There are 2 protein chains.
Amino acid sequence: MVSMKDIARQAGVSVCTVSLVFNGKTGNRVSERMVRRVLATAKELGYEPNSVARTLRMRRSHVLGFITDEIATTPYAGAIMLGAQDAARRLGYILLVVSTGNDRELEREQIATLRSHQVDGYLYALMYHRRVPLPAELRDAPTVVVDGEDEDGQAPSLYPDERLIGRDATARLIAAGCRRIVYFGSETHILAQDERLEGYRQALDEADIGFDPALVVNATENVNAGERAGHMLDELKPDGVFCFNDVRAPAVYEAAQARGLRVGSDLAVIGVDNQPFIASVLRPALTTVELPHYDMGFLGVLRVVSMIDGPDAVQGVLPDHGALVEAGGEGAVGASAVSSDVSAAAGALGSDGALSVGLRCRIVDKESVPPVLP
Amino acid sequence: MVSMKDIARQAGVSVCTVSLVFNGKTGNRVSERMVRRVLATAKELGYEPNSVARTLRMRRSHVLGFITDEIATTPYAGAIMLGAQDAARRLGYILLVVSTGNDRELEREQIATLRSHQVDGYLYALMYHRRVPLPAELRDAPTVVVDGEDEDGQAPSLYPDERLIGRDATARLIAAGCRRIVYFGSETHILAQDERLEGYRQALDEADIGFDPALVVNATENVNAGERAGHMLDELKPDGVFCFNDVRAPAVYEAAQARGLRVGSDLAVIGVDNQPFIASVLRPALTTVELPHYDMGFLGVLRVVSMIDGPDAVQGVLPDHGALVEAGGEGAVGASAVSSDVSAAAGALGSDGALSVGLRCRIVDKESVPPVLP
DNA sequence: CTGAAAGCGCTTACAG
DNA sequence: CTGAAAGCGCTTACAG
């Protein structure tokens, strides 16, 4: 392995000069000529910097610990990691990834390993949105919670705005002319269920349709979703269905088909998740709200790096593709046309100072909801 | 941060002794009393070893580079990483994860970053089985290709045995009494297509049914799969369909339903992938071959660590859950009841010396194929 | 049975 | 404008 010492010897300078050159701290310190000679020698010898030595000396590793409860439980949850990696790369960081399988003991052990590798900060990523206590070991280190919320509100958290999901999805059905909309929800008590229901209710209120508790039907996938969907169509005669998630949609489709109802005209259906193997496989293709996994990963890294290196370090770094609503408004162009959510999440631009950000998600229009009425 | 120096001072011994204690090299070198005193002091001060310093000194990081083309493109491909992580943890390793988006330049850059962090070896993971050239930068380092094959046959590779998938799936249909089996394949020319077709053919030959090219129907999902499935049922009148993958199954189900055929009795259907959102959502649930993503990740790490530390280092470490066929045979018990594939893959036990291993995959019996005839 | 010393590859005050 | 030296936290050959 070629070290700075080798370059120094070969180029006839001191190690110090070599180091200065590689750190661009040549100011009025190292002559142009020297810089060129050092660089040429380095190239000639095939020098590659040793991050480990640098880390030891600087007490800064430019490595982030990425902790997940269990990756790959849901398709596309890996997108969080992809987003995190893209952001990390652009900021000169890299990810050390561990998963804990929701085992507290294992988690403690893995965090200790990360610490021993001198990571500069942590992403604590959950595989679905919920409130969790932040592990005590992460309390005093730069940490951002992704697709979840720190129960104690200490650590900045990034997650989908579930209420807005419910509101936007329902409003989309209303805009298509629906007036009798069923909320087809989940029987298990999870955070998203309550908040999406609340958003549903809000949209109905805003449209002066009003909330009717009889139109809330909950079901459990693979247990009674089919049966419930049938009853729901028979007894409630809805013109639109807001499914808590895409997984519930096939049951609705089937029930509709069995009753001669055509999804997309007789019955509008909207889901949440944009699961590739559901939303695109169903006929007609399912209109659905996409969760911003990629963005949460990307912004999570932005946020934690801004905690480590300061807000200036992440200026101008933004996800090039993602599932967020652009909130820049009419006439906004280029870099300024990004969601205020994004800015706040990144912690780079002046936000309202909130630590945690619920991100507004995008509706992916396919075929199961008629066009917006004029 | 507490260092060995602090412990040494506090305990009144030398740093050397402390190091020896933590490395268990106390032989007849450090007295029992000293060991206890050092350990107690370490605990008292909250000492944690510094892997970075250790890495610099030892030139061994116990970090593996995990390189993926694009994670999370397919659901459950993240399982590769989960398996890799489980194995890594059990062997005292941890993963530095990068993804390349199939961009050669980015890949080169990311590998350089990994090298600068002094990783001991690499996993080169693909998101579906194909043959690729191993990046030149990885040629001389311990590297294992996962869910793919090194074109040049240099690096050990782990991948599903596609031919066996085709043979086992087809044999399963035959065992259920099918005699007129369609291969419902892919129009895009990928490795798995050809090999699964070959396995299909082999199973037919072995059952003395014989191969009929007219029974091979290829289609492209989301384009003509529905239409082809219909034609196929109308014109070929099959009693079984082997789908190249699960994604093709819904089209077959729909076509069957439209013709009053009941899947699971009138028509047997088997897929490949065990995609959670297809195989379990379809009614009847889809019998399918599961790809061993978790195992490939796990065994990939085993293999690369055995290249780094020698075969002894990975002895006895095996995945506790996975999708491989247990080939230990009758009467085999405990640790010996593991697939020879696994052993060979791990490189821990005497294999035939083959670098690369095609893993035999498990059929997950659900409802779309009738029981095996007596 | 134990310690003093060198060195892994880097950065940075300090001296010139 | 440049170099010699110390030190980040560890391990290990060497000397006692």
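The shown structure was predicted, so the numbers you read here are calculated from the model rather than taken from an experiment. A, B, ... follow the sequence lines: proteins, then strands. Residue 1 opens every chain.
If you measure from atom CG of B:D6 to atom C1' of D:dC10, you get 13 Å, rounded to the nearest angstrom. Nucleotide D:dC10 holds its C1' atom 14 Å from the NE2 atom of A:H117, rounded to whole Å. Regarding A:L20, its CG atom lies at a distance of 20 Å from the P atom of C:dG9, rounded to whole Å. Rounded to an integer number of Å, the gap from CZ of A:F22 to P of C:dT11 is 10 Å. Put simply, CE on B:M4 is 17 Å from C1' on D:dG7, counting in whole angstrom units. Note: CE (B:M1) to P (D:dG9) measures 6 Å, nearest angstrom.
A:Y124 and A:D150 are not linked by any side-chain donor-acceptor pair at a separation below 3.5 angstrom, with hydrogens and angles left out of the test. Using a 3.5 Å distance cut-off with no hydrogens or angles, the side chains of A:Q85 and B:S99 do pair a donor with an acceptor. Checked by atom type, the side-chain pair B:S14/B:T17 shows a donor-acceptor distance below 3.5 Å. Side-chain atoms of A:T55 and A:Q118 form no donor-acceptor pair, as typed in the model, at a separation below 3.5 Å.
Residue contacts shown for A:S19 include a base, since a base heavy atom lies under 4.0 Å away.
Legend: salt bridge (charged side-chain N to carboxylate O under 4.0 Å, His left out) pairs involving residues 304-319 of chain A, not counting sequence neighbours, sorted by first then second residue: A:R60-A:D309.
If you check D:dA4, C:dG3, D:dT11 against the side chain of B:V13, the one that comes closest is C:dG3. Comparing D:dC10, D:dT12, C:dC1 against the side chain of B:S31 picks out C:dC1 as the nearest.
With respect to B:R54 and B:E48, no salt bridge is recorded, no charged nitrogen being found less than 4.0 Å from a carboxylate O. The pair B:R104-B:E137 meets the salt-bridge criterion, with a side-chain N (NZ, NE, NH1 or NH2) lying under 4.0 Å from an Asp/Glu carboxylate O.
Nearer the 5' end of DNA chain C, as judged by each residue's closest nucleotide, is the contact made by A:K5, out of A:K5 and A:V18.
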side-chain contact (heavy atoms from CB on, under 4.5 Å) assessment of B:Y93 paired with B:I308
CA-CA 11 Å; B:Y93 280 78; B:I308 298 167; 3.6 Å; yes
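Pairing analysis of DNA chain C (Watson-Crick: purine N1 to pyrimidine N3 plus N6-O4 or O6-N4; G-U wobble: N1-O2 and O6-N3; both under 3.5 Å) yields stems of 3 or more pairs at C:1-3 with D:14-16, C:5-12 with D:5-12, C:14-16 with D:1-3.
With A:I7 as reference, A:V18 is the one residue of A:L39, A:V13, A:V18 to meet the side-chain contact (heavy atoms from CB on, under 4.5 Å) rule.
Listed in residue order, the members of residues 47-62 of chain B having a heavy atom less than 4.0 Å from DNA chain C are B:L56, B:R57, B:R59.
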